[in-house]
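Data first, discussion second: the structure below is written as structure tokens.
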Amino acid sequence: MASNQTSVLHETWDFLKERKVWWIIPIVAMLLLVAVLIILSQSSAISPLVYAFA
């Protein structure tokens, strides 16, 4: 399974390099950040910290 994920990441990186769509990277980074905040806010010891940022 890890090799499959690696190939997907590799293909995505190659696509970004070939097509010169660097503007997608900040969008994906923000989506990943929001996803991490949602996961951490479910039931964690740092939930109050996450809620303070939201």
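Residue numbers count from 1 along this sequence.
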By side-chain contact (heavy atoms from CB on, under 4.5 Å), V36 pairs with (sequence neighbours left out) L40
Quick one: side-chain contact (heavy atoms from CB on, under 4.5 Å) partners of I27, sequence neighbours excluded? W23, L31
Report the residues that fulfil ring-ring contact (aromatic ring centres under 6.0 Å, His included) with W13, sequence neighbours left out, ordered by chain and then residue number. W22
Quick one: does D14's side chain get under 4.5 Å of E11's, heavy atoms only? no
